Novice: 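Would you mind keeping the following structure in view while I ask a few things?
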Amino acid sequence: MAKYTAAVLTASDKGAAGKREDVSGQLLQELLRREDFAIADYAVIADERELISAKLRRFCDELRVNLVLTTGGTGFSPRDITPEATLDVVERPAPGIAEAMRAASLSITPKAMLSRAAAGIRGRTLIINMPGSPKAVKESFAALIPALSHGLDIMLGITGECAR
């Protein structure tokens with residue numbers, strides 16, 4: 001049995017319209033399974049703030065997954081509104097997560113500074129915005145892994161905050 005549950009949400013107008021394969025969302029599911037997560041749900045939706053917020057609320061409040069990873073919609077395009085939709089639903093921000101992903105990516109490309117990704121907690125669910133490209137997804141996921149289980153365990157009350 002998997003230790004944690006997760007949902008993956010891809011924000012992509014082209015993906016939602018069936019005009020682009022969702023490689024990043026599929027990759028995130030594969031990476032999560034390797035880290036002992038059970039995938040409770042997966043969706044591809046258009047870059048619409050209310051649609052994204054509603055889906056995040058469903059994952060957190062109805063499915064009660066431990067982790068939601070989004071992919072796409074974190075850049076400078078006028079349609080990139082995933083961070084805003086995420087901040088609409090989180091109760092407690094977790095800025096260090098997005099900062100760590102940007103820092104790791106900056107060692108690879110200066111374009112990482114253009115990421116507007118956000119992260120935060122709603123109830124007992126951690127929501128993290130990931131980049132849209134598969135290459136950047138792999139790099140950002142690698143940056144998360146060293147602390148992710150510890151953070152989830154603290155959030156879920158499995159361990160105290162002093163464990164290192």
Side-chain angles (χ1 to χ4, degrees), residues 4-32 37-106 109-141 143-144 147-148 151-152 155-156:
Y4 306 108
T5 58
V8 174
L9 178 62
T10 299
S12 168
D13 289 332
K14 289 181 181 176
K19 295 179 180 177
R20 177 186 295 158
E21 181 183 359
D22 180 28
V23 177
S24 293
Q26 297 295 328
L27 174 60
L28 278 173
Q29 292 177 78
E30 179 185 321
L31 294 170
L32 285 164
F37 282 82
I39 307 302
D41 205 348
Y42 160 71
V44 180
I45 61 176
D47 289 296
E48 297 289 342
R49 188 168 178 165
E50 282 306 314
L51 287 177
I52 296 167
S53 294
K55 189 63 78 171
L56 292 174
R57 284 186 192 97
R58 180 178 175 276
F59 289 161
C60 298
D61 302 346
E62 294 175 30
L63 297 182
R64 298 180 185 265
V65 297
N66 307 132
L67 176 68
V68 175
L69 295 182
T70 70
T71 179
T74 61
F76 279 22
S77 166
R79 299 281 296 159
D80 288 341
I81 46 73
T82 303
E84 289 77 15
T86 299
L87 294 174
D88 286 346
V89 304
V90 299
E91 298 161 342
R92 297 185 294 149
I97 293 171
E99 291 166 7
M101 290 189 308
R102 277 189 284 274
S105 294
L106 272 169
T109 176
K111 293 178 184 175
M113 72 178 73
L114 302 178
S115 169
R116 299 181 322 100
I121 298 168
R122 178 179 178 91
R124 293 170 61 92
T125 303
L126 176 61
I127 302 170
I128 303 171
N129 298 154
M130 304 290 283
S133 82
K135 180 179 182 296
V137 161
K138 283 182 191 175
E139 295 163 1
S140 295
F141 193 83
L144 289 178
L148 185 61
L152 290 173
M155 181 186 73
L156 297 170

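Worth saying up front: this structure is predicted, and the values here are computed from it rather than measured. These values consider heavy atoms only, across backbone and side chains, with no hydrogens, waters or symmetry-generated copies.
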Novice: Please give me the minimum heavy-atom distance between Ser53 and Ala85, naming the atom from each residue.
Specialist: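 Minimum heavy-atom contact is OG-O, 3.1 Å.
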Novice: Evaluate the criterion side chain to side chain contact (heavy atoms under 4.5 Å, CB included) for residue pair Leu56 and Val68; output intermediate values, then yes/no.
Specialist: CA-CA 8 Å; Leu56 292 174; Val68 175; 3.6 Å; yes
Novice: Would you please test Leu148 and Leu126 for side chain to side chain contact (heavy atoms under 4.5 Å, CB included) and show each step?
Specialist: CA-CA 10 Å; Leu148 185 61; Leu126 176 61; 3.9 Å; yes
Novice: For Glu84, look at atom CD and say whether over 12 heavy atoms of other residues, nucleotides or ligands are found less than 6.0 Å away.
Specialist: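 Yes.
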Novice: Minimum heavy-atom separation for Tyr4 to Asn66, with atom names?
Specialist: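 Nearest heavy atoms, Tyr4 then Asn66: CA-OD1, 3.2 Å.
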Novice: Given 3.5 Å as the limit, does a donor-acceptor pair link the side chain of Arg79 with the main chain of Asp47, or not?
Specialist: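 Indeed, once roles are kept as given, a pair shorter than 3.5 Å links the two residues.
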Novice: In Å and rounded to the nearest 0.5 Å, what is the CD to OG1 distance from Glu139 to Thr109?
Specialist: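 If I round to the nearest 0.5 Å, the distance is 8.5 Å.
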Novice: Measure the spacing between CG of Leu63 and OG1 of Thr5 and express it to the nearest 0.5 Å.
Specialist: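 Taking CG in Leu63 and OG1 in Thr5, the distance rounds to 8.5 Å.
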Novice: To the nearest 0.5 Å, tell me how far Thr82 OG1 sits from Ile45 CD1.
Specialist: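 It comes to 8.0 Å.
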Novice: Report the distance from atom CE of Met130 to atom CD1 of Ile97, rounding to the nearest 0.5 Å.
Specialist: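 Separation between the atoms: 10.5 Å.
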Novice: So which atom in Thr125 and which in Arg64 form the shortest heavy-atom distance, rounded to 0.1 Å?
Specialist: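 Minimum heavy-atom separation between Thr125 and Arg64: OG1-C, 4.4 Å.
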Novice: Check side-chain contact (heavy atoms from CB on, under 4.5 Å) between Ala6 and all other residues, then give those that pass, not counting sequence neighbours.
Specialist: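 If we apply the side-chain contact (heavy atoms from CB on, under 4.5 Å) test to Ala6, skipping adjacent residues, the hits are Leu32, Phe37, Ile39, Leu67.
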Novice: Please list all pairs passing the salt bridge (charged side-chain N to carboxylate O under 4.0 Å, His left out) test where one or both residues lie in residues 120-134, with sequence neighbours left out.
Specialist: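 Residue pairs passing salt bridge (charged side-chain N to carboxylate O under 4.0 Å, His left out), neighbours aside: Asp61-Arg122.
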Novice: Please give me the minimum heavy-atom distance between Asn129 and Thr70, naming the atom from each residue.
Specialist: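 Closest approach of Asn129 to Thr70, heavy atoms only: ND2-OG1, 2.9 Å.
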Novice: Would you check if the side chain of Thr74 reaches a backbone N or O of Arg116 as a donor-acceptor pair within less than 3.5 Å?
Specialist: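 Such a contact is absent between Thr74 side chain and Arg116 backbone.
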Novice: Taking side chain as C-beta onward, heavy atoms only, is Leu31 less than 4.5 Å from Leu69?
Specialist: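 Leu31 vs Leu69: side chains apart.
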Novice: Between SG of Cys60 and NZ of Lys55, what distance do you get to the nearest 0.5 Å?
Specialist: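 Going from SG on Cys60 over to NZ on Lys55, the span is 12.5 Å.
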Novice: Looking at every non-hydrogen atom in both residues, tell me the closest pair between Ala46 and Ala16 and how far apart they are.
Specialist: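 Nearest pair, atom of Ala46 first, then Ala16: N-CB, 3.5 Å.
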Novice: Does Asp41 reach the main-chain N or O of Ala7 with its side chain, forming a donor-acceptor pair under 3.5 Å?
Specialist: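 Here the side-chain-to-backbone pair does not exist.
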Novice: Rounded to the nearest 0.5 Å, what's the gap from CG on Asp22 to OG on Ser12? Could you check?
Specialist: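 Answer for the CG-OG pair, Asp22 versus Ser12, is 7.0 Å.
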Novice: If every non-hydrogen atom of Ala11 is compared with every non-hydrogen atom of Ile52, which pair is closest and at what distance?
Specialist: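 Of all heavy-atom pairs spanning Ala11 and Ile52, the closest is CB-CD1, 3.9 Å.
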Novice: Can you name the residues that form a salt bridge (charged side-chain N to carboxylate O under 4.0 Å, His left out) with Asp80, not counting sequence neighbours?
Specialist: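 Asp80 satisfies salt bridge (charged side-chain N to carboxylate O under 4.0 Å, His left out) with no residue once adjacent residues are dropped.
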